[in-house]
Amino acid sequence: MAALSGLAAALESYRGRDRLIRTLGYCCQLVGGVLVERCPARSEVGTRLLTLSSQLSHCRTVLRLFDDVAMFIYTKQYGLGAEEEDIFVRCVSVLGNLADQLYYPCEHIAWAADAKILRVDSARWWTLSTAFWGLSLLLGIARSLRMVLTLSWRLRGPAVAFTSRLPRSKRRAVEAQIQSEVLTLLSNAADLANAVHWLPPGVLWAGRFPPWLVGLLGTISSLLSMYQAVRASGQGEAATP
């Protein structure tokens, strides 16, 4: 009963619903790809699962038509990242926000072209939106890596080791932040592998992944994202008096 209540609560929010649809879609692609490639007797079931995965992906694309305003507000609030102490983190965060902001209109135009609403080449706009997504992921990986190195140095640096020790509560908070950044890094790396796969042929490993591998990488990324969301929610509840 508690699990159903938690699922219902997650589905009431846009982000929770999007995470669930994303995870379900990639899981269907993973299982469907394996059935089509490895189990000829179950290939029809696999094909249906791949179709379901495609429809769920299309559902998320349509829902993202309404994300531009939220992204713009977030980008405006972050600004030039004046609150960030690390200039490198500030720069990659600002560039990442810009890449995210440009991603949405490109995807909207590509969707409208596929729907015959606009008379433009959808392939070009899909490529552009994927490139912005990949750039955002790459910048996110760089940011997470920098944060992990900085926080690890803070825990193990000479100043901590020989002059003073961090309070236990603060040390645990830093360790939890490091773990969160590592999970974000792994999630972004899995998505980046798929983003490159969806670029035009000739770019690194573009177009070389079988459906099941795309599904596997997407499932890993989605599960990591869901785990972090649940973990953050649990920490928020624990902090509430």
Side-chain angles (χ1 to χ4, degrees), residues 13-15 18-19 22 64 66-108 127-161 163-167 169-196 198-199 203-204 217 220-222 224-236 239:
S13 69
Y14 169 74
R15 294 302 173 193
D18 181 70
R19 289 190 187 98
R22 187 182 199 270
R64 281 196 296 270
F66 308 96
D67 282 355
D68 300 72
V69 175
M71 186 65 223
F72 176 75
I73 292 175
Y74 173 79
T75 301
K76 184 178 179 181
Q77 289 176 343
Y78 188 85
L80 297 178
E83 296 181 359
E84 297 285 359
E85 297 178 1
D86 192 320
I87 185 64
F88 178 82
V89 171
R90 181 189 304 180
C91 290
V92 295
S93 297
V94 170
L95 291 175
N97 289 341
L98 179 61
D100 288 336
Q101 194 70 60
L102 294 172
Y103 161 81
Y104 287 106
C106 292
E107 185 187 57
H108 301 341
T127 298
L128 193 56
S129 67
T130 302
F132 279 126
W133 181 44
L135 176 60
S136 173
L137 292 169
L138 188 61
L139 291 169
I141 290 172
R143 181 189 185 281
S144 294
L145 186 59
R146 175 75 172 200
M147 290 294 295
V148 169
L149 293 175
T150 301
L151 293 171
S152 297
W153 180 85
R154 186 180 300 177
L155 285 178
R156 303 184 179 90
V160 174
T163 62
S164 64
R165 287 191 175 275
L166 290 174
S169 59
K170 190 171 183 179
R171 186 179 185 87
R172 287 180 177 175
V174 173
E175 290 173 346
Q177 189 177 356
I178 291 175
Q179 184 181 3
S180 176
E181 292 293 344
V182 169
L183 293 176
T184 299
L185 190 155
L186 294 175
S187 177
N188 286 343
D191 281 337
L192 180 61
N194 275 343
V196 173
W198 285 317
L199 289 173
V203 180
L204 299 176
L217 292 170
I220 292 173
S221 172
S222 300
L224 288 174
S225 177
M226 290 185 69
Y227 171 75
Q228 286 185 281
V230 171
R231 183 183 175 198
S233 177
Q235 289 176 344

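Reckoned from all heavy atoms, side chains included, excluding hydrogens, waters and symmetry mates.
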If I compare all heavy atoms of [X] with all of [Y], which pair ends up nearest, and what's the gap?
X	Y	result
Ala193	Leu217	CB-CD1, 3.8 Å
Phe88	Ala142	CE2-O, 3.7 Å
Leu137	Ala195	CD1-CB, 4.3 Å
Val94	Gly81	CG2-N, 4.3 Å
Leu139	Gly96	CD1-N, 3.4 Å

Task: Close side-chain approach of Tyr14 to Asp67, heavy-atom, < 4.5 Å - done: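 In short, these two side chains touch, coming nearer than 4.5 Å.
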Open item on the list: With heavy-atom distances below 4.5 Å as the criterion, would you say the side chains of Ser180 and Gln228 are in contact?
Closed with: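 With C-beta onward as the side chain, the pair touches.
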Open item on the list: I need the Ser225 OG to Arg15 CZ distance, nearest 0.5 Å.
Closed with: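 Between atom OG of Ser225 and atom CZ of Arg15 there are 10.0 Å.
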Open item on the list: Suppose the criterion is salt bridge (charged side-chain N to carboxylate O under 4.0 Å, His left out): which pairs have a residue in residues 70-80, not counting sequence neighbours?
Closed with: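 Pairs touching residues 70-80 that pass the test: none.
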Name all residues meeting the side chain to side chain donor-acceptor pair (under 3.5 Å) criterion together with [X]; count only those two or more places apart in sequence or in a different chain, and write none if there are none.
X	value
Arg172	none
Asn194	none
Thr150	none

Residues forming a salt bridge (Lys or Arg N to Asp or Glu O under 4.0 Å) with [X], sequence neighbours excluded:
X	answer
Asp68	none
Arg64	Glu107
Arg22	Asp191

Got a sec, which residues hit side-chain contact (heavy atoms from CB on, under 4.5 Å) with [X], two or more places apart in sequence or on another chain?
X	result
Leu224	Leu183, Leu186, Ser187, Ile220
Ile178	Val148, Leu151, Ser152, Leu155, Val174, Val182
Ile73	Val69, Gln77
Glu84	Tyr78, Val89, Arg90, Arg143

TODO: Please check if atom CD1 in Ile87 has more than 12 non-hydrogen atoms from other residues, nucleotides or ligands closer than 6.0 Å.
DONE: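 Enclosed: over 12 neighbouring heavy atoms sit under 6.0 Å from CD1 of Ile87.
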Task: Check against side-chain contact (heavy atoms from CB on, under 4.5 Å), Met71 and Thr75 - done: CA-CA 6 Å; Met71 186 65 223; Thr75 301; 3.2 Å; yes
TODO: Would you tell me whether Gln177 and Arg154 have side-chain atoms, one donor and one acceptor, within less than 3.5 Å of each other?
DONE: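 Their side chains do not contain a donor-acceptor pair, so the 3.5 Å distance test is not met.
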Open item on the list: Can you pull out every side chain to side chain donor-acceptor pair (under 3.5 Å) where at least one residue sits in residues 127-139? Sequence neighbours excluded, please.
Closed with: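 Non-adjacent pairs meeting side chain to side chain donor-acceptor pair (under 3.5 Å): Asp100-Ser136.
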Task: Test log, rule side-chain contact (heavy atoms from CB on, under 4.5 Å), inputs Asn188 and Leu192 - done: CA-CA 6 Å; Asn188 286 343; Leu192 180 61; 6.0 Å; no
